[in-house]
Number of protein chains: 2
Amino acid sequence: MANPKNFGIKDIARAAGVSVGTVDRVLHNRGKVSEIALKKVNEVLQKNEYRPNLIARTLGSNKNYKIVVLQPEPADDPYWSLVSQGIEQSMKEWIHYGVTISCCYFSLHRKSSFESVAAKALKLKPDAILLAPILYVETISFLRVLKEKQIPFALFNTNITETDALSFIGQDLYSSGRLAGELICLGQTGAGRFGVLHVDEDLNDSIHLVQKEKGFRDFIAGFYPFRHTVESLNRTSSTDSSFRKKLIQLLSQPDLKGIFVSSSRGTETAASILKSQDKGNIRLVGYDLLKKNIAYLKEGVIDFLIHQNPQQQAVEGINCLANHLIFKRVAKRVNLFPLEVITSQNLESYIQDQAEYTSVNSVI
Amino acid sequence: MANPKNFGIKDIARAAGVSVGTVDRVLHNRGKVSEIALKKVNEVLQKNEYRPNLIARTLGSNKNYKIVVLQPEPADDPYWSLVSQGIEQSMKEWIHYGVTISCCYFSLHRKSSFESVAAKALKLKPDAILLAPILYVETISFLRVLKEKQIPFALFNTNITETDALSFIGQDLYSSGRLAGELICLGQTGAGRFGVLHVDEDLNDSIHLVQKEKGFRDFIAGFYPFRHTVESLNRTSSTDSSFRKKLIQLLSQPDLKGIFVSSSRGTETAASILKSQDKGNIRLVGYDLLKKNIAYLKEGVIDFLIHQNPQQQAVEGINCLANHLIFKRVAKRVNLFPLEVITSQNLESYIQDQAEYTSVNSVI
DNA sequence: TTTGGAAATGTGTGCGTACACACTATTTTT
DNA sequence: AAAAATAGTGTGTACGCACACATTTCCAAA
C-alpha cells in the first residue's frame with residue numbers, strides 16, 4: 001500500500017520512464033500520448049493505487065466557477081431565509097477555491113416571476129445551478145433549457161425524478177408524511193378523525209405537499225386499526241377567511257385524534273389557532289425550527305416538528321455542485337436527508353450550533 | 001474586502017516594503033523581527049484582512065502528527081465497532097495531511113486493562129488523544145498524566161466536565177434520558193409503572209448510565225400527571241440469570257407503561273425478552289441502530305431508538321484534534337450532537353449512506 | 001533524399017506558503 | 001581597535017500538481 005503523502009506524479013514519471021508532463025496528460029486525458037507511454041503510465045498508476053493530492057491540484061489549478069441558486073423569496077417565508085443562511089455560509093467557504101455563488105429569488109405568489117428570474121439566472125453565465133423546484137410546471141420547462149445549454153444542476157427540497165439532475169438533496173416527502181402519521185397514531189385508541197392542513201400554497205403545482213399528504217393518508221389507512229377518516233383543509237392565501245372557521249369546526253369534533261400540517265409556516269398558523277381555541281391537547285405535527293414553531297413546541301401546543309434542515313440542504317447542494325465542477329467528482333443521484341423528529345426534550349440539542357468542522361471528504 | 005484568492009504574502013511583503021521571509025516571521029511569531037518591520041507588516045495585514053490560504057499552508061508545511069484513540073474493545077460490543085468504522089474512515093481522509101491515527105482498546109469487563117492500554121498509548125508518542133471516558137475513575141487519573149505531559153485530548157460519548165479536554169463530542173446524556181421519558185409518556189394515561197434497564201455494565205463507574213436514568217426519572221417526576229413509580233433493573237454480567245426473571249415479573253404488571261434501556265446492547269436484550277414474552281405492545285425506548293435493534297424496531301417491538309451516532313462522534317473527534325494540530329484551530333468546548341429519534345417510518349432515511357461530501361470547513 | 005507538418009515528449013514556471021540558510025548590519029566582548 | 005556574537009533580513013527551495021510552451025521524433029509528401 002502506497003504512502004499517499006509521498007507518492008506523487010514525479011514518482012509515477014520515474015517509475016514509468018516518462019516525464020511528469022506525460023503523466024499529467026494521461027491523468028487528464030489531455031493532449032496526445034502514445035499507446036506505449038499510456039500503457040506504462042497506467043500500469044504504474046494502478047500498481048501504486050495512485051491518488052492525486054487534491055490540495056496541490058487545487059492550488060496549481062487556476063479556474064473559477066460560478067454557481068447560481070434559484071429559490072423562493074426569503075422575505076416571504078422564514079423557511080427560505082434559512083436556505084439563504086446556508087448559501088451565505090457556503091459562499092465564504094468556497095471562495096477560496098475560486099467558486100462564486102449568486103442567488104436569484106422567485107415569488108411563490110406570482111408564478112410568472114419564475115420565468116424572468118430564471119432568465120436572469122442564465123444571464124449570469126452559471127457553470128452550475130442549484131434549484132428548489134417548488135413550482136413543478138415552470139421548473140420542468142426551465143430544466144429543458146438547462147439541458148440544451150448543458151448546464152449541470154442539482155435539486156433540493158423537492159425531487160422531480162424525471163430530470164437529468166446531478167443530484168437531489170432533501171428528504172423523502174412521502175415518508176415524512178408517513179412519519180407524521182406514525183407520530184400522531186402513537187398511543188391513540190378508538191375510532192377517530194385526522195386532519196391534514198395545507199397553508200398558503202397552490203396544491204395543484206406543489207407536488208411536495210401532495211406527496212406529504214399521500215404519505216400521511218397511506219400510513220393511517222394501513223396502520224390505524226380503528227375506524228377513521230382523514231380530512232384535508234387548504235388555505236390558498238392569507239386573505240382566505242373560511243379556513244379558520246373550518247379548522248375551528250374540525251377542532252370541535254370530539255373524535256379528532258391529531259393534525260398534520262404540511263409546511264413550516266402553516267405549522268405556525270395552525271398552532272396559533274389551536275392555542276387560541278384552548279386545544280393544545282390535540283396532537284399536532286408540523287415542520288421546521290422556525291422561531292415561533294419553537295415557542296409553540298416548548299409550550300406543548302406542537303407535539304412534534306419534522307426538521308427539514310433547509311440550511312444544510314443548501315450547503316450540501318452547493319458542495320455537490322462545487323465538487324462536480326472542481327474535482328469532477330461523481331455525485332450521488334439522491335442525497336437523502338434523515339427525517340429528524342424534534343420534541344421539546346431534544347430541541348436544545350438541535351438549535352445549538354452544529355459542529356464547526358466536519359469531514360474533509362469534500363476536498364479529497 | 002480583500003479577494004481571498006489573490007492577496008498573498010508576496011503582496012503583503014510588497015506593501016510593507018519587506019521580504020516574504022519577514023512576513024512569514026511576523027505571521028508565525030518566529031525568529032526575530034524589528035519593531036519597525038513588525039508594525040509595518042501588521043498594519044498591512046490588518047488593513048487587508050489577510051487570511052492565509054490554508055491549502056497552500058498545508059502543502060508547504062512538512063509536519064506529521066499522530067493521534068491515538070482510546071476506546072472499549074469493539075469485539076465486545078457492536079456499538080464500539082461503529083466507532084472503529086468512524087476511525088477507519090478518518091484514517092483514510094487525514095493521511096494526506098500527514099496525520100496518522102492509531103487505536104488502543106481496553107476491556108469494559110477488566111477495568112485493570114485500562115491502565116496498561118493507556119500506557120501503551122503513551123508509548124506511541126501521540127500528539128493528541130481521543131478518549132471515550134467510560135470508566136470514570138481510571139480515566140481521571142490518566143487525564144492527569146496527559147496534562148503533565150501537555151498532550152491535548154478530546155472526549156467523546158461521555159463527558160467529564162472537570163477536565164481540560166479540548167472538546168467533548170457527544171450527546172447530553174441526561175437530556176437523552178428525559179427524551180426517553182417524554183417518548184414513553186406520550187399518549188399514556190392513568191396511574192403507572194415505568195422501568196429502567198441497565199445491562200452488563202458496572203453502574204458505579206459508568207456515569208453515562210447514571211445520567212440517563214436521572215434524566216428519565218426527572219422527566220417522569222416532573223411531567224407525568226398520574227400516580228407512578230419508576231423501577232430500575234440492572235444486569236451486571238451476561239451470566240446473571242436473575243435479571244431475566246425480574247424483567248419478566250415487571251412485564252407482567254398490568255400498570256406497566258413503558259421501559260427505557262440505557263444502552264444499545266441492552267436494548268437488544270430487552271427487546272428479545274419482550275418479544276419472547278409476547279409483550280411487544282409495551283412502549284420500549286432504547287439506543288442505536290445496531291442490526292438487531294433495527295429488526296426489532298421494524299417489527300414494532302421497539303418503539304423508539306435514540307441514535308447516538310457513535311461513528312460520527314469518532315469522526316468529529318478526530319477532526320477536532322486534527323484541526324487543532326494542523327491549523328491551530330480553536331475547538332468548541334462542547335460539540336453537542338442532536339438527540340436523534342428513530343422510528344420505523346424514518347429509519348430508512350438514517351440507514352442510507354449519509355452525504356459523501358460535506359462542508360469544507362475542516363481545511364479552511 | 002529533403003522538407004514540412006503532425007505527433008509526442010520534456011521543461012519551466014506558476015499556485016501560496018513554510019522554513020532553512022546565507023548574508024548584512026550592529027552590538028558586545030576581548 | 002579588532003574579533004566575535006547577536007539581531008535582523010533576504011533568498012532559494014520545497015511541497016504536488018496544472019498547464020503553457022519549447023523541443024524532439026516520426027512520418028508523409030514533394
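Values below: every heavy atom of this structure, side chains too, minus hydrogens, waters and symmetry copies. Below, chain A is the first sequence line, B the second, and so on; all start at residue 1.
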For [X] and [N], what is the distance between atoms [atom1] and [atom2] respectively, to the nearest whole Å?
X: K32(A); N: dG10(C); atom1: NZ; atom2: P; result: 17 Å
X: H28(A); N: dC17(D); atom1: NE2; atom2: P; result: 9 Å
X: R57(A); N: dA18(D); atom1: CZ; atom2: P; result: 4 Å
X: K39(A); N: dA8(C); atom1: NZ; atom2: P; result: 17 Å
X: D24(A); N: dC19(D); atom1: CG; atom2: C1'; result: 6 Å
X: I55(A); N: dA18(D); atom1: CD1; atom2: P; result: 13 Å
X: F7(A); N: dC15(D); atom1: CZ; atom2: P; result: 15 Å
X: L38(B); N: dA7(D); atom1: CG; atom2: P; result: 16 Å

Side chain of [X] only, please: which of [options] is the nearest?
X: A37(A); options: dA18(D), dT9(C), dT9(D); answer: dT9(C)
X: V20(A); options: dT9(C), dG12(C), dG16(C); answer: dG12(C)
X: P52(A); options: dG10(C), dA8(C), dC17(D); answer: dC17(D)
X: R30(B); options: dA18(D), dC19(C), dC17(D); answer: dC19(C)
X: S61(A); options: dA18(D), dT9(C), dC17(D); answer: dA18(D)
X: A56(A); options: dT17(C), dG10(D), dG16(D); answer: dG16(D)

Tell me whether the OP1 or OP2 atom of [N] has a side-chain N or O from [X] closer than 4.0 Å.
X: Y50(A); N: dC17(D); result: yes
X: T22(A); N: dG10(C); result: yes
X: S34(B); N: dT9(D); result: yes

(message) Closest-nucleotide mapping onto DNA chain C: is G31(A) or L59(B) further toward the 5' terminus? I mean the 5' end.
(response) G31(A)

(message) Contact between F153(A) and L155(A) at the side-chain level, heavy atoms closer than 4.5 Å - yes or no?
(response) yes

(request) Could you tell me whether D127(A) and K66(A) make a salt bridge, using a distance below 4.0 angstrom between a side-chain N and a carboxylate O? (result) no

(request) State whether E43(A) and K39(A) are salt-bridged, where the test is any N-O pair (Lys NZ or Arg NE/NH1/NH2 against Asp/Glu carboxylate O) under 4.0 Å. (result) yes

(message) Any side-chain to backbone donor/acceptor pair from E88(B) onto V83(B)? Under 3.5 Å, distance only.
(response) no

(request) Kindly say whether L54(A) contributes a backbone atom to a donor-acceptor pair with the side chain of T58(A) at under 3.5 angstrom? (result) yes

(request) May I ask you to say what R25(B) touches in the nucleic acid, namely base, sugar-phosphate or nothing, with a heavy-atom cut-off under 4.0 Å? (result) base

